[in-house]
Engineer: 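So that we are looking at the same thing, I have put the structure below in structure tokens.
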Amino acid sequence: MERSHVLVCAGTGCVSSSAMLIIKALNEQIEKQGLKDEVKVVQTGCFGLCALGPIVIVYPEGTFYSRVEVENIPEIVEEHLLKGRIVTRFVYKETVRDDGSVSAWDDTNFYRKQERVSLRNCGVIDPEVLEEYIAFDGYKALAKVVTEMTPEEVIEEIKASGLRGRGGAGFPTGLKWSFAAAQPPGQKYVACNADEGDPGAFMDRSVLEGDPHVIIESMAIAGYAVGADKGYVYVRAEYPIAVSRLDIAIKQAKEAGLLGENILGSGFNFDLEYRLGAGAFVCGEETALITSIEGNRGEPRPRPPFPAVKGLFGKPTVLNNVETYANIPRIILNGAEWFSSMGTETSKGTKVFALGGMIENIGLVEVPMGTTLREIVEEIGGGIPGGKQFKAAQTGGPSGGCIPSEHLDVPIDFESLKSIGSMMGSGGLIIMDEDSCMVDIARFFLDFTVDESCGKCTPCRIGTKRLLEMLDRFAAGKGKPGDLEKMEELCHYIIKNSLCALGQTAPNPVLSTLKYFREEYEAHVNDKKCPAGVCTDLLSFSIIPEKCIGCTLCLKVCPTNAIIGKVKEKHVIDQDKCIKCGVCIEKCKFNAIIKQ
């Protein structure tokens with residue numbers, strides 16, 4: 001038995017920053033120091049604090065080394081693993097106490113307020129080793145279900161837990177399963193939506209990379225509950241590490257008799273395979289996803305009938321996303337009452353968020369439902385960089401809405417977010433500071449939606465394009481009186497008439513920013529100005545004569561020769577030539593150039 005375990009994050013973010021080279025260097029140095037029988041290196045999934053990767057954690061101390069480089073490894077191995085002396089200059093700064101001692105990784109603001117249920121094994125186990133998953137109660141819930149519980153009891157347990165779908169809509173999971181179970185005996189399917197496509201969202205990817213067996217176990221439990229013997233995981237092809245680990249896990253489960261025929265000698269049969277998505281955002285919508293699995297172009301279908309009645313290949317189908325499934329084993333093992341004790345009255349359990357944007361601690365967080373946005377931003381997230389002010393948070397990605405600073409204390413749950421014009425979505429949480437332009441933010445999400453619309457229905461295909469054109473005009477200073485009212489009218493038309501949720505929610509970023517930041521829209525349309533100084537067509541650059549000393553630095557870097565002046569003379573900017581690139585402001589040492 002090794003005395004120390006060295007856990008290295010091998011999630012996508014850390015792998016892109018040379019995590020695999022760090023693992024190789026660790027093993028080489030450990031062997032060189034004669035520690036091969038005493039120290040074990042383990043690759044894991046994401047630890048959560050993605051901005052600090054690559055991350056290395058040394059147990060039993062729980063020492064958190066952040067932004068580790070290959071060059072740091074010889075010293076870490078010799079000093080810490082051989083001599084027992086922590087190399088403090090490489091550890092995460094927040095773990096260093098005032099007296100110079102070092103605390104464990106979980107004794108930090110980022111982790112202290114989290115409750116990891118869906119992410120419980122991420123950063124803890126090697127996702128490519130079945131025995132490690134089993135050591136942390138893996139497949140124990142499946143064993144309990146197939147040997148001690150009836151399908152009806154499983155569904156009732158999930159219902160009693162209050163678990164709601166984590167893919168966006170928040171539909172009660174147990175109720176959805178009961179609809180499929182109530183269909184006549186025959187071929188049924190279980191499917192997993194691992195096609196998260198929201199900008200900035202990577203919750204499901206991290207679960208698949210760090211704990212793929214939990215999805216296999218959960219889908220088998222769902223299959224037992226509804227009477228299905230076949231499952232499909234629909235995962236986007238842009239997730240190569242997640243796909244590879246899922247493939248390994250499926251093969252391991254089959255070899256161990258945890259998938260296939262007569263699972264654990266119970267007489268229950270369940271097989272599983274995955275299908276690769278081509279990256280179409282619309283395939284996150286359940287009927288489009290089902291159509292894609294069937295081998296057809298990913299386009300939504302009218303509902304009803306719903307998938308639980310007529311889904312894959314026309315058969316009853318249970319479809320949940322990765323995070324929803326990741327909760328199932330814990331509910332079965334710990335009981336519905338345990339799960340429902342977390343969260344709020346109507347939103348039980350925890351929620352995973354991909355925290356990004358203008359925030360100190362970028363990464364994955366899992367908190368009890370009802371945690372306020374302020375707690376996530378200021379305590380877990382570490383606040384806004386550079387001493388800037390919080391302006392808004394976008395939840396739900398292109399389908400969601402902006403939450404302004406006046407609602408910083410709103411509890412994060414399904415109903416509370418809906419009441420202020422936003423939504424939970426799959427869990428993307430983008431933070432914006434005082435320098436963000438809300439018209440530009442709305443443009444960003446509309447541009448994404450226009451590009452991702454499948455084109456099947458006119459309200460979405462044409463309506464979102466017209467919306468984007470309006471926003472483009474505003475950003476270019478070409479808005480007209482009455483345009484804001486026309487835009488609102490078009491938003492509501494798209495919502496009411498689009499075929500699927502992509503179109504029905506596409507106007508949300510526009511409506512929410514218009515609701516809370518209307519004065520910014522009015523400034524763009526009426527005053528032809530961008531208060532945040534983001535929309536370049538509405539900006540003008542000028543030189544303050546009193547501050548200009550004629551050093552010619554700005555003149556030399558201007559790409560269009562728009563700056564005129566001689567050495568030691570006051571400079572001026574030719575507005576007709578200026579392309580508003582901002583290089584002159586960056587180079588000026590005397591703050592003599594301003595943008596308005």
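All values reported here derive from a predicted model rather than from experimental measurement. One-based numbering along the sequence shown.
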Engineer: Keeping E94 on the side-chain end and T108 on the backbone end, is there a donor-acceptor pair under 3.5 Å?
Structural biologist: no
Engineer: Ignoring hydrogens and angles, tell me if any N or O in the side chain of T324 forms a donor-acceptor pair with the backbone of R166 under 3.5 Å.
Structural biologist: yes
Engineer: I'd like to know if the side chain of K570 reaches the main chain of P545, judged simply by a donor and an acceptor atom lying under 3.5 Å from each other, with no hydrogens or angles considered.
Structural biologist: yes
Engineer: Judged by atom type as modelled, is there a donor-acceptor pair below 3.5 Å linking the side chain of K176 to the main-chain atoms of A308?
Structural biologist: no
Engineer: Output the distance between atom CD (Q504) and atom CD1 (I494), rounded to the nearest 0.5 Å.
Structural biologist: 11.5 Å
Engineer: Could you report the tightest heavy-atom contact between C548 and A592, atom names first, then the distance?
Structural biologist: N-CB, 3.9 Å
Engineer: Take atom CD in E489; do more than 12 heavy atoms of anything else shown fall under 6.0 Å from it?
Structural biologist: no
Engineer: I'd like to know whether M470 forms a side chain to side chain contact (heavy atoms under 4.5 Å, CB included) with K486, so could you lay out the CA-CA distance, the side-chain angles of the two residues, the decisive distance to 0.1 Å, and finally the verdict.
Structural biologist: CA-CA 9 Å; M470 286 182 173; K486 288 180 182 177; 4.1 Å; yes
Engineer: Is the shortest side-chain heavy-atom distance between I384 and V377 below 4.5 Å?
Structural biologist: yes
Engineer: Just by distance, do the side chain of T395 and the backbone of M423 share a donor-acceptor pair under 3.5 Å?
Structural biologist: yes
Engineer: Angle class for the Y521/F474 ring planes (parallel below 30°, perpendicular above 60°, tilted otherwise)?
Structural biologist: perpendicular
Engineer: Answer whether the closest heavy-atom distance between the side chains of R67 and L52 falls below 4.5 Å.
Structural biologist: yes
Engineer: If only atom types and distance count, is the side chain of R116 paired as donor or acceptor with the main-chain N or O of C122 below 3.5 Å?
Structural biologist: yes
Engineer: Looking only at heavy atoms, which two atoms of G200 and F202 are closest? And how far apart?
Structural biologist: O-CD2, 3.5 Å
Engineer: Please check if the number of heavy atoms outside K310 that lie under 6.0 Å from its NZ is greater than 12.
Structural biologist: no
Engineer: Ignoring hydrogens and geometry beyond distance, is a side-chain donor-acceptor pair present between E299 and T291 at under 3.5 Å?
Structural biologist: no
Engineer: Looking at R112 and E375, does any basic side-chain N land under 4.0 Å from a carboxylate oxygen?
Structural biologist: no
Engineer: Does this structure show an ion pair linking E294 with R301, if we count only N-O contacts that are shorter than 4.0 Å?
Structural biologist: yes
Engineer: For the atom pair CZ (R297) and SG (C283), what is the distance rounded to the nearest 0.5 Å?
Structural biologist: 9.5 Å
Engineer: Run the numbers on S118 and M203 for side chain to side chain contact (heavy atoms under 4.5 Å, CB included), then give the verdict.
Structural biologist: CA-CA 10 Å; S118 298; M203 303 77 60; over 6 Å; no
Engineer: Check G349 against F339 and note the closest heavy-atom contact, atom names and distance.
Structural biologist: CA-CZ, 3.5 Å
Engineer: Take Y239 and T12 through the side-chain hydrogen bond (donor to acceptor under 3.5 Å, both in side chains) test and state the conclusion after the steps.
Structural biologist: CA-CA 8 Å; Y239 286 176; T12 292; over 6 Å; no
Engineer: L499 and P300: which non-hydrogen atoms are nearest, and at how many Å?
Structural biologist: CD2-O, 3.7 Å
Engineer: Is the terminal nitrogen or CZ of K418 (NZ for Lys, CZ for Arg) located under 6.0 angstrom from the six-membered ring centre of F414 and within 45° of that ring's axis?
Structural biologist: no
Engineer: Which heavy atom of M424 sits nearest to which heavy atom of I412, and what is that distance?
Structural biologist: SD-CG2, 4.1 Å
Engineer: Any chance you could lay out the side-chain hydrogen bond (donor to acceptor under 3.5 Å, both in side chains) test for D413 and S416, step after step, and finish with the verdict?
Structural biologist: CA-CA 6 Å; D413 60 61; S416 296; 3.0 Å; yes
Engineer: Got I380 and N361 here, is their nearest side-chain heavy-atom distance under 4.5 Å?
Structural biologist: no
Engineer: After noting the C-alpha distance and the side-chain angles of M487 and L471, does the key distance pass the side chain to side chain contact (heavy atoms under 4.5 Å, CB included) rule?
Structural biologist: CA-CA 9 Å; M487 187 168 68; L471 292 169; 4.0 Å; yes
Engineer: Search all heavy atoms of C402 against all heavy atoms of I441 and return the closest pair with its distance.
Structural biologist: SG-CG2, 4.4 Å
Engineer: Report yes if the side chains of S512 and N508 come closer than 4.5 Å at any heavy-atom pair, otherwise no.
Structural biologist: no
Engineer: Could you check whether any side-chain N or O of S453 sits under 3.5 Å from a backbone N or O of T449, counting only pairs where one atom can act as donor and the other as acceptor?
Structural biologist: no
Engineer: Any heavy-atom pair between the side chains of L276 and V235 that's under 4.5 Å?
Structural biologist: yes
Engineer: For E415, is there an ion pair with R164 - N to carboxylate O distance below 4.0 angstrom?
Structural biologist: yes
Engineer: Does a side-chain heavy-atom distance below 4.5 Å link P509 with Q394?
Structural biologist: yes
Engineer: Between E434 (side chain only) and Q389 (backbone N and O only), is there a donor and an acceptor less than 3.5 Å apart?
Structural biologist: yes
Engineer: Are any side-chain N or O atoms of Q575 and backbone N or O atoms of F541, one a donor and one an acceptor, separated by less than 3.5 Å?
Structural biologist: yes
Engineer: For F306 together with F179, are the ring centres under 6.0 Å from each other?
Structural biologist: no
Engineer: Apply the test side-chain hydrogen bond (donor to acceptor under 3.5 Å, both in side chains) to residues Y234 and S292: give CA-CA distance (whole Å), side-chain angles for both, the deciding distance (0.1 Å), then the verdict.
Structural biologist: CA-CA 9 Å; Y234 187 83; S292 182; 2.7 Å; yes
Engineer: How long is the straight-line distance from OH of Y493 back to CG of L467, given to the nearest 0.5 Å?
Structural biologist: 12.5 Å
Engineer: Heavy-atom distance under 4.5 Å between the side chains of L502 and S399, does that happen here?
Structural biologist: no
Engineer: Once you round to the nearest 0.5 Å, how far does OG of S66 lie from CG of L49?
Structural biologist: 8.5 Å
Engineer: Taking the side chain from T344 and the backbone from G370, do they hold a donor-acceptor pair closer than 3.5 Å?
Structural biologist: no
Engineer: Inspect the contact between K351 and E323 and indicate whether a charged nitrogen and a carboxylate oxygen are less than 4.0 angstrom apart.
Structural biologist: yes
Engineer: Test salt bridge (charged side-chain N to carboxylate O under 4.0 Å, His left out) on E485 and R518 and set out the steps.
Structural biologist: CA-CA 11 Å; E485 290 72 22; R518 195 178 187 93; 3.5 Å; yes
Engineer: Can you tell me how far the CE atom of M342 sits from the CE atom of M369, to the nearest 0.5 Å?
Structural biologist: 10.5 Å
Engineer: Using 0.5 Å steps for rounding, measure from the CD1 atom of I594 to the CD1 atom of I544.
Structural biologist: 4.5 Å
Engineer: Within a strict 4.5 Å, meaning less than it, do heavy atoms of the R205 and L208 side chains meet?
Structural biologist: no
Engineer: Could you please spell out the steps behind the side chain to side chain contact (heavy atoms under 4.5 Å, CB included) verdict for K595 and K580?
Structural biologist: CA-CA 9 Å; K595 63 178 179 179; K580 303 156 187 174; over 6 Å; no
